[in-house]
Amino acid sequence: MYPFKEIEQKWQKYWEENKTFKAIDFSEKPKYYVLDMFPYPSGAGLHVGHPEGYIASDIMARYKRKQGFNVLHPMGWDAFGLPAENYALQTGTHPKITTEKNIATFRRQIKSFGFSYDWEREINTTDPKYYKWTQWIFQQLYKMGLAYQAEVAVNWCPALKTVLANEEVIDGKSERGGHPVIRMPMRQWMLKITAYADRLLKDLDLVDFPDSIKEMQRNWIGRSEGADVDFTIFDSDYTLKVFTTRPDTLFGATYMVVAPEHPILKTLIPSEYKEAVQAYQMVSASKSELDRTELAKEKTGVFTGIYAINPVNGHKIPIWTSDYVLMSYGTGAIMAVPGHDQRDWEFARKFGLEIIEVISGGDITKEAYVGDGVLVNSQFLDGLHVADSQRKIIDWLTEKGIGQSKVQYKLRDWVFSRQRYWGEPFPLYFDDNNNIHLIDESKLPLVLPPLEKYEPSGTGESPLANLPEWIDFIDPETGKHCRYETNTMPQWAGSCWYYLRYLDPDNDKAFCDKQKENYWMPVDLYIGGAEHAVLHLLYARFWHKVLYDLGFVATTEPFMKLINQGMILGEDGEKMSKSRGNVINPDEVIGNFGADTFRIYEMFMGPLTRVKPWSTSSIDGVFRFLNRVWNIFVTDEGKTSPDIQDVTPDSSTLSLLHKTIFKVTDDIENLRFNTAISQMMIFVNEIIKLPVKPRSVMQTFVHLLNPFAPHLTEQIWNLLGNSQSLAYIDWPTYDPDLIIDELVTLAVQINGKVRGTFEIARDSTDQDCIENAMQLENVKRYIENLTIVKTVVIKNKIVSIVVK
RNA sequence: GCCGCGGUGGCGGAAUUGGCAGACGCGCUGGACUUAGGAUCCAGUCCUGAAUAGGGGUGCGAGUUCAAAUCUCGCCCGCGGCACCA
């Protein structure tokens with residue numbers, strides 16, 4: 001067993017003392033920015049899923065350095081968030097203390113892997129020197145008109161007297177205690193991400209993200225084209241605007257539906273309908289999002305007593321209210337076309353509303369017909385197909401001034417405040433008239449004050465509301481009473497721009513020096529979990545575009561290439577969890593096998609992006625591999641093996657080496673670490689058979705293994721008499737002539753079945769190949785007394801003979 | 001329901017401009033060395049078969065082709081995301 005513990009400590013100390021991985025701002029070399037999604041330092045410590053992405057990025061970082069790139073590879077902590085605050089609630093420990101402790105654990109664990117981070121660039125989102133700039137960016141958003149306040153429904157738990165995050169609500173009950181949770185409107189800060197919807201969608205074409213992530217983002221943004229149409233209310237001046245993707249079906253609109261929250265229900269309801277409508281509104285309000293969607297298979301609703309006029313045919317149509325129409329999408333009202341929309345069809349069926357066919361081709365007595373067809377019962381649209389009639393009706397509506405084409409997004413503005421303590425304070429204050437004043441830039445950061453108690457305020461406000469001595473103050477300039485915002489920013493805030501802070505972590509004049517930003521950005525490779533596929537990535541892309549519009553950054557997109565590592569499951573194939581008892585502790589694995597074995601094992605498990613189960617016995621195989629490598633180079637006494645000699649390698653050894661250089665290089669470039677490792681195993685299996693191992697070949701191999709097993713290879717490199725670290729010594733190149741075999745093995749197929757193989761010189765003529773094939777005894781057996789119909793030769797691969 | 005990804009030995013996985021399926025690793029079997037081995041080394045290991053003969057075989061069923069894990073069509077199953085978005 002090789003002395004991994006000693007070696008790993010030695011080299012980690014060496015790298016740290018020599019600042020081996022310090023990234024230099026500005027250089028003649030091309031830059032390469034490889035970024036990990038920084039972790040939330042939880043109390044549980046690192047689990048084996050974390051390092052998977054970090055190992056991959058570290059291999060890239062080390063490989064690129066050896067390729068002559070100036071590499072930026074940083075790490076930091078996304079440390080605001082709920083768990084620390086909940087822990088404070090239970091124990092009274094300040095979140096800052098908990099956070100510091102957790103970071104220390106994470107840092108120690110991460111360092112034990114020997115990652116080549118530039119630790120001088122370490123950042124922490126909870127550090128006032130960091131969140132000063134989170135606050136500053138918020139102020140820029142505010143000045144751009146992208147931050148505003150609104151009343152938004154939140155998860156209010158009357159029993160706990162607090163607002164809960166979505167993940168704290170399970171089936172309409174609080175996660176802690178199981179108390180009922182209702183939707184209650186509360187003042188919130190909002191960010192107008194919808195203003196960037198189109199660009200967030202379009203610029204996905206500029207980046208190299210997995211298709212699934214792009215698709216999820218596209219769905220999330222949810223662009224749809226259609227038209228706005230105004231309906232007048234019968235006997236009223238009021239118009240009811242709807243959005244529809246199917247203006248062509250306007251003649252089939254036989255009723256309308258508004259969301260239970262729609263303002264029209266406050267004013268226009270005839271008195272005899274008020275009671276029923278209000279009762280329905282109450283029921284809807286108490287339903288969670290879940291109830292309103294998944295569980296509500298059966299449509300519900302009530303008639304409001306109001307009628308609208310269908311603008312195309314003047315028909316008087318009833319307006320209903322139902323929670324299958326959402327206030328948050330479109331205008332909160334729809335024209336219902338039961339003949340050609342399945343939801344409307346179900347609703348109409350249930351309540352006996354009229355169903356008219358306006359597009360032929362289906363059977364609307366059975367279900368709504370949503371396909372293409374010829375328009376019927378639609379006066380001037382009759383005879384047209386769907387696409388044509390859409391154009392025509394939109395022109396008609398536009399001309400009459402009662403509608404126009406419209407692009408609608410599913411994406412909603414971002415609720416950017418939390419009623420919590422452990423987050424960035426908003427850098428602003430209110431005067432007694434509720435006017436908003438931004439804190440002067442020179443006075444930032446607005447520091448989170450210490451708290452005695454973390455109990456919720458009881459009003460739904462953050463625990464900061466319990467601190468009047470902090471909230472209330474007299475503005476020295478105006479002498480007037482003012483108060484700070486008690487809401488804090490969500491956890492996403494700090495992670496929206498952290499990749500920029502790494503470029504210039506100590507700058508107190510700007511969030512990041514512009515020259516440095518110009519040099520390092522964009523991120524060339526971003527590795528992290530797919531759970532951040534939508535929110536974090538969309539939010540960060542949004543902030544980046546705002547900073548771009550303000551001229552603070554030079555690229556429209558922050559991340560050029562994104563890779564999601566697949567989850568690592570427990571040995572039982574289930575998700576790792578304490579309750580299942582299948583959690584693997586990385587400290588233990590490193591203690592038993594060392595960091596190099598851990599690194600290679602996680603990369604050898606399978607493709608980086610795939611979900612794969614942990615297997616403790618498989619680690620043995622990797623550990624054996626590294627031991628074999630060690631034993632090739634080092635004797636039991638710790639000296640260089642006498643088998644390694646300055647001899648000229650024979651051609652097959654040289655060919656093997658160059659094939660290995662080629663394969664490992666190509667695989668790293670494409671993040672196929674599993675097959676790169678496999679090739680190195682093949683190399684070792686072959687080389688170990690040689691009684692004398694050529695020094696030049698073995699030295700080259702050490703380079704190839706270095707990004708994967710940095711400690712072991714540094715030690716061997718050192719023992720071989722090299723005094724410099726391997727980190728910046730050139731990556732080997734292969735000779736294309738040496739990876740081509742002189743002799744190739746061809747298979748012979750007769751009627752599609754392989755009947756033999758033969759060796760022949762590379763690139764032999766088809767004629768030679770066929771002649772050789774015919775010589776084989778087994779081939780002769782199968783073609784005897786039969787006529788050859790056809791022969792196919794694929795160069796250097798196969799000879800295929802068809803007989804009859 | 002919709003969108004995306006996937007299904008290959010006992011297990012993790014290789015091989016997709018169509019060209020000898022199962023590389024590499026685990027596990028297992030046998031052997032060597034040993035007081036001992038859960039260390040190390042050697043041999044074997046898709047199924048069937050005495051076989052270095054044949055036959056079968058990449059979720060299922062068709063198709064295209066000299067040739068299909070790979071391409072086409074229709075299903076089944078698993079995972080992830082979204083979920084009344086008008």
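Per chain, numbering begins at 1; letters A, B, ... match sequence-line order.
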Starting from the C-alpha separation in whole Å, work towards a yes-or-no answer on salt bridge (Lys or Arg N to Asp or Glu O under 4.0 Å) for A:Glu686 and A:Lys659.
-> CA-CA 13 Å; A:Glu686 287 303 314; A:Lys659 281 178 188 161; over 6 Å; no
Would you kindly give the CG-to-P distance between A:Asp667 and B:rG13, to the nearest whole Å?
-> 17 Å
Of A:Asn685 and A:Lys797, the one whose closest nucleotide on RNA chain B sits nearer the 5' end is A:Lys797
Side-chain N,O (A:Lys753) to OP1/OP2 (B:rG56) below 4.0 Å | yes
Do the rings of A:Phe4 and A:Phe623 sit parallel, tilted or perpendicular, given the 30° and 60° boundaries?
-> perpendicular
Which of A:Glu261, A:Lys410, A:Arg412 passes side-chain hydrogen bond (donor to acceptor under 3.5 Å, both in side chains) with A:Ser328? It is A:Arg412
Could you work out the separation of B:rU17 and B:rC26 based on their P atoms and round it to a whole Å?
-> 29 Å
B:rG61 versus B:rG56 - spacing of their P atoms, nearest Å | 15 Å
Whole-Å gap separating P (B:rA83) and CG (A:Leu411) = 12 Å
In terms of the nearest nucleotide of RNA chain B, which residue is placed more toward the 5' end: A:Val622 or A:Ile334?
-> A:Val622
May I ask you to say what A:Pro210 touches in the nucleic acid, namely base, sugar-phosphate or nothing, with a heavy-atom cut-off under 4.0 Å?
-> nothing
Within the structure shown, what part of the strands sits under 4.0 Å from A:Arg624 by heavy-atom distance: base, sugar-phosphate, or nothing?
-> sugar-phosphate
Whole-Å distance between B:rG80 C1' and A:Asn219 CG?
-> 13 Å
Looking at B:rA86, B:rC84, B:rG27, which one has an atom nearest to any side-chain atom of A:Ser617?
-> B:rG27
Salt bridge (Lys or Arg N to Asp or Glu O under 4.0 Å) pairs touching residues 770-787 of chain A, sequence neighbours excluded, are A:Glu777-A:Lys780
The nucleotide from B:rG6, B:rG4, B:rG19 with an atom nearest the side chain of A:Ser212 is B:rG4
B:rU34 and B:rC47: how far apart are their C1' atoms, nearest whole angstrom?
-> 37 Å
Nearest of B:rA86, B:rG27, B:rG54 to any side-chain atom of A:Thr245?
-> B:rA86
Pair of N/O donor and acceptor under 3.5 Å linking B:rC66 base with A:Ser800 side chain | yes
Take atom C1' in B:rU35 and the same atom in B:rA15, then report the distance between them in whole Å.
-> 47 Å
Could you tell me the separation between the CD atom of A:Gln749 and the P atom of B:rC66, rounded to a whole number of Å?
-> 12 Å
When all nucleic acid strands are considered with a 4.0 Å heavy-atom cut-off, which category describes A:Ile794: base, sugar-phosphate, or nothing?
-> base
Please report the C-alpha distance between A:Ser224 and A:Gln408 in whole Å, then the side-chain angles of each, then the deciding distance to 0.1 Å, and finally whether the side chain to side chain donor-acceptor pair (under 3.5 Å) criterion is met.
-> CA-CA 5 Å; A:Ser224 58; A:Gln408 189 62 241; over 6 Å; no
Ignoring backbone atoms, establish whether A:Lys612 has a side-chain N or O less than 4.0 Å from OP1 or OP2 of B:rG12.
-> no
CA sep, side-chain torsions, deciding dist, call: A:Asn631, A:Tyr2, side chain to side chain donor-acceptor pair (under 3.5 Å) | CA-CA 8 Å; A:Asn631 289 326; A:Tyr2 82 100; over 6 Å; no
For the side chain of A:Arg610, starting at C-beta, report the closest nucleotide among B:rG12, B:rC66, B:rA14.
-> B:rA14
Of all the nucleotides listed (B:rA86, B:rC26, B:rA14), which has the minimum atom distance to the side chain of A:Pro607?
-> B:rA14
Choose from B:rC41, B:rC20, B:rA15 the nucleotide whose nearest atom is closest to any side-chain atom of A:Val754.
-> B:rC20
Any ion pair linking A:Asp741 and A:Arg762 (charged N to carboxylate O, less than 4.0 Å)?
-> no
Is A:Asn674 near enough to B:rA14 that one of its side-chain N or O atoms lies under 4.0 angstrom from OP1 or OP2?
-> yes
How far, in whole Å, is B:rU72 from B:rG49 if one measures between their P atoms?
-> 38 Å
Quick one: is the NZ or CZ of A:Lys299 closer than 6.0 Å to the six-membered ring centre of A:Phe347, and within 45° of its axis?
-> no
At under 4.0 Å between heavy atoms, what does A:Ser615 touch on the DNA or RNA strands: base, sugar-phosphate, or nothing?
-> nothing
State which of B:rG19, B:rC20, B:rA86 makes the closest approach to the side chain of A:Ala747.
-> B:rC20
What integer number of Å spans the P atoms of B:rG27 and B:rA39?
-> 8 Å
How long is the line joining OH of A:Tyr329 and P of B:rC82, in whole Å?
-> 18 Å
B:rG4, B:rA14, B:rC24: which one has an atom nearest the side-chain heavy atoms of A:Met681?
-> B:rC24
To the nearest Å, give me how far apart CG (A:Asn631) and C1' (B:rC41) are.
-> 12 Å
Do the rings of A:Tyr329 and A:Phe243 sit parallel, tilted or perpendicular, given the 30° and 60° boundaries?
-> perpendicular
Given the 90°-from-0 boundary between syn and anti, B:rG74 should be labelled anti
To the nearest angstrom, the CE-C1' distance between A:Met605 and B:rC24 comes to 15 Å
Using a cut-off of 4.0 Å on non-hydrogen atoms, how would the nucleic acid contact of A:Ser224 be classed: base, sugar-phosphate, or nothing?
-> sugar-phosphate
Per A:Asn778 side chain, nearest of listed nucleotides B:rC84, B:rG54, B:rG19 = B:rG54
On a whole-Å scale, what distance lies between the C1' atoms belonging to B:rC24 and B:rG37?
-> 26 Å
Dot-bracket for RNA chain B, 5' to 3', Watson-Crick and G-U pairs with both distances under 3.5 Å, [ ] for crossing pairs, | for partner on another strand, reads (((((((..(((......[....)))((((((.......))))))(((.....)))..(((((..]....))))))))))))....
Straight-line distance of A:Lys790 NZ to A:Lys804 NZ, nearest 0.5 Å = 13.0 Å
Do any N or O atoms from the side chain of A:Asn670 and from the backbone of A:Asp666 form a donor-acceptor pair under 3.5 angstrom?
-> yes
Give one of base, sugar-phosphate or nothing for A:Arg628, where a contact means two heavy atoms less than 4.0 Å apart.
-> sugar-phosphate
Taking atom C1' in both B:rA14 and B:rC46, what distance in whole Å separates the two?
-> 14 Å
Are A:Tyr782 and B:rG54 close enough that a side-chain N or O sits under 4.0 Å from OP1 or OP2?
-> yes
Please state how far atom CG in A:Asp248 lies from atom C1' in B:rA86, giving the value in whole angstrom units.
-> 13 Å
Can a side chain N or O of A:Arg755 be found less than 4.0 Å away from OP1 or OP2 on B:rG55?
-> yes
